[in-house]
Asker: 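To start, I am sharing the structure in question, which I have written as structure tokens.
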Amino acid sequence: MDEGRAQRRGVSPRLWLAGGWLLLALLAAIFAPLVGPQDPLAQDLMLERLPPFWMNGAEPGYWLGTDSLGRDLLSRLIFGGRIAFIVAFSAAIAACLVGSTLGLIAGYFGGWADRIISRVVDVWMAFPPVLFAILLVAVLGTGLSSVILAIAIIDWTRFCRVIRAETMGQSHMDYVENARIAGYGRIGIMLREVLPNVVPSIVALLSLEMGIAVIVEAILSFVNLSISTDDPTWGGIIAEGRLSIHQAWWVLVFPLITLILTVLSFSQFGEALKTRFDPVLR
Amino acid sequence: MSGCLDIRDLSAVLPNGQRVLRSVSLAVQPGEVCALVGESGAGKTMIGKAVLGVLPSSVRIVEGDMRLEGEDLGKLPPKARRTLIGARTALIPQDPLTALNPSRRVGSQMTDRLVRILGWSGERADTRIRQLLDEVQIRDPDRVLKSYPHELSGGMRQRVLIAAAFAAEPRLIVADEPTTALDVTVQKQILRLIVQLQREHGTAILFVTHDLGVVAKISQKVSVLYAGKVVEEAETAALFAAPQHPYTRALMAATPRYTDPFASLKPVDEAVLAGLASEIAAADQAWRRPHG
Ligand SMILES: Nc1ncnc2c1ncn2[C@@H]1O[C@H](COP(=O)(O)OP(=O)(O)OP(=O)(O)O)[C@@H](O)[C@H]1O
Ligand SMILES: [Mg+2]
């Protein structure tokens with residue numbers, strides 16, 4: 001138990017840092033019209049490639065500088081966060097619901113249900129995910145909902161595999177047998193006895209998946225396959241920044257930092273939550 | 001008349017056709033403690049699981065019948081069988097840690113069963129559980145009920161499981177080496193508790209152990225198991241006074257006098273094992289003939 005406490009203390013800063021960044025980014029995205037200093041779409045050729053605030057030639061109100069069309073980078077990042085979070089939450093939750101349910105069924109019931117589900121997962125995972133995503137969006141058409149759908153369709157297997165394995169491990173525990181002796185029904189045991197024990201993993205995966213969804217969305221934006229190119233997206237900004245790396249490095253570097261921080265925070269936050277949720281580790 | 005538990009000619013096989021239970025017959029009378037002894041791998045747990053209806057899916061019962069208070073378990077539809085087993089039996093497991101759900105509080109796990117299986121009100125279940133916790137000498141029920149299993153000591157957890165097992169007043173409890181996973185100092189207390197509750201509640205117990213010292217102390221009857229076959233069945237006193245089967249004698253000779261609670265079985269004499277092997281082979285031969 002003492003060990004658990006020590007671990008908890010070690011975990012907390014991680015939880016706070018990651019959670020803090022995510023909260024900040026999320027709030028900024030939600031209240032983008034209020035907190036964004038400029039109109040993210042407003043072009044002004046007089047203001048093109050302004051450097052960030054600490055450099056010579058910076059303009060007040062354009063904290064992180066502007067891109068080659070004179071659009072404010074900070075505002076574009078903040079507005080881009082909206083799409084990033086919408087995609088992160090919807091895609092991860094959809095993938096989680098499908099994957100966890102199937103994983104729970106495969107792991108708990110075993111037999112032919114497991115054989116079918118596992119086979120599908122194997123086949124699914126044989127596709128390289130990024131290629132799969134690009135292909136799917138090409139088929140589904142670009143747009144927010146097809147990006148979300150594509151990510152969910154690709155990544156449910158991540159949940160399915162982990163949850164199946166965990167459920168299998170739990171199903172062989174004596175407490176499940178005890179519940180069977182007591183006469184509980186199979187579904188009841190799966191939901192009331194097994195599920196609470198895999199929830200910590202589901203939570204961790206869910207958070208990790210949100211980070212992954214952010215990356216995938218950025219990649220799709222980068223190759224111009226995400227939503228309409230007018231709205232700023234992190235991937236889109238990175239793609240533009242790449243073209244002007246020699247004249248305005250900040251247009252590439254700041255969105256990259258934002259992206260990396262967000263993705264890392266999601267994964268760290270998930271891990272920290274897992275230890276929080278787990279009664280044995282807690 | 002019908003006893004509490006009647007197992008007749010029970011045979012179970014693995015997918016490869018090997019028998020893990022070889023025509024086992026066993027009877028437990030109401031209120032009686034019947035010990036099941038044998039070395040590791042003899043099939044003691046398997047018999048317990050067969051009775052409780054939780055055999056591994058790879059193990060198939062191919063012959064024989066089990067009656068719980070006269071009801072033929074094999075003839076009941078699955079749902080009725082589950083209900084009957086749930087209401088009339090309970091398990092005191094070997095490992096008290098894994099037998100409790102790690103992510104649920106002890107209290108809800110204990111009352112759940114009374115509420116959901118027996119249809120009691122939450123209040124009645126709670127009163128009952130507290131009464132049982134008192135019987136197993138847990139003095140701070142509030143703390144225990146609010147705890148998660150890992151927050152309790154091994155001995156505490158086993159007390160909780162004993163209380164849970166007796167709470168629904170089952171007619172038969174299968175106790176599968178209930179003290180093996182515990183501290184030596186706690187083993188005796190737990191054993192004493194089980195016997196005490198068994199007497200007070202008049203519950204029959206099928207007590208699985210490999211410790212003849214325990215057998216001598218608590219049981220009225222013993223079945224000696226070897227390789228899934230009951231080689232000897234007798235009243236406890238009679239068994240210790242005059243063991244009939246060479247394997248039983250060898251077991252007794254191999255067990256240090258009942259002072260050492262760790263009394264584990266030393267290797268049994270080669271000649272006895274050879275005799276057993278041919279006995280088993282003969283039994284399998286005889287069994288295979290009518291079964292193809
Ligand atoms: N899930 C399983 N599938 C197939 N065979 C099994 C399974 N579990 C146990 N067995 C085999 O069945 C036989 C009886 O095992 P069982 O667990 O009943 O022994 P035991 O007498 O309880 O031993 P121990 O004292 O070690 O608990 C053993 O030979 C074992 O290898
Ligand atoms: Mg065993």
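A, B, ... follow the sequence lines: proteins, then strands. Residue 1 opens every chain.
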Asker: Just wondering, are more than 12 heavy atoms of other shown residues or ligands nearer than 6.0 Å to CD1 in A/I187?
Answerer: no
Asker: For the residue pair B/P93 and A/Y175, establish whether any side-chain heavy-atom pair is separated by less than 4.5 Å.
Answerer: no
Asker: For A/R161, does the CZ atom have more than 12 heavy-atom neighbours from other residues, nucleotides or ligands under 6.0 Å away?
Answerer: no
Asker: Which one wins on heavy-atom pair count under 4.5 Å against chain A: B/P149, B/A168, B/P102?
Answerer: B/P102
Asker: Flag the one option from B/L97, B/T89, B/T98 with the top tally of heavy-atom pairs under 4.5 Å to chain A.
Answerer: B/T98
Asker: If you count heavy-atom pairs under 4.5 Å between each of A/N197, A/V194, A/V176 and chain B, which one has the most?
Answerer: A/N197
Asker: Please list, in residue-number order, every residue in residues 113-130 of chain A that has a heavy atom less than 4.5 Å from any heavy atom of chain B; write 'none' if there are none.
Answerer: none
Asker: Against chain A, label B/K49 side chain, backbone, both or neither, depending on which of its atoms sit under 4.5 Å from a heavy atom there.
Answerer: side chain
Asker: On a heavy-atom basis, which atom in A/R192 and which in B/R104 lie closest, and how many Å separate them?
Answerer: O-CD, 3.7 Å
Asker: Taking A/M173, A/H172, A/R180 one by one, which has the highest count of heavy-atom pairs under 4.5 Å against chain B?
Answerer: A/R180
Asker: B/R82 vs A/Y184, test: side-chain contact (heavy atoms from CB on, under 4.5 Å). Steps then yes/no.
Answerer: CA-CA 8 Å; B/R82 283 258 64 93; A/Y184 299 166; over 6 Å; no
Asker: Within the structure provided, determine whether B/L161 and A/N178 are in side-chain contact (heavy-atom separation under 4.5 Å).
Answerer: yes
Asker: Given A/I181, which of B/V174, B/V51, B/L52 fulfils the side-chain contact (heavy atoms from CB on, under 4.5 Å) condition?
Answerer: B/L52
Asker: Picking from B/A90, B/A164, B/S103, B/P56, which has the most non-hydrogen pairs under 4.5 angstrom with chain A?
Answerer: B/S103
Asker: For A/E193, is there any backbone N or O sitting under 3.5 Å from a side-chain donor or acceptor partner on B/N101?
Answerer: yes
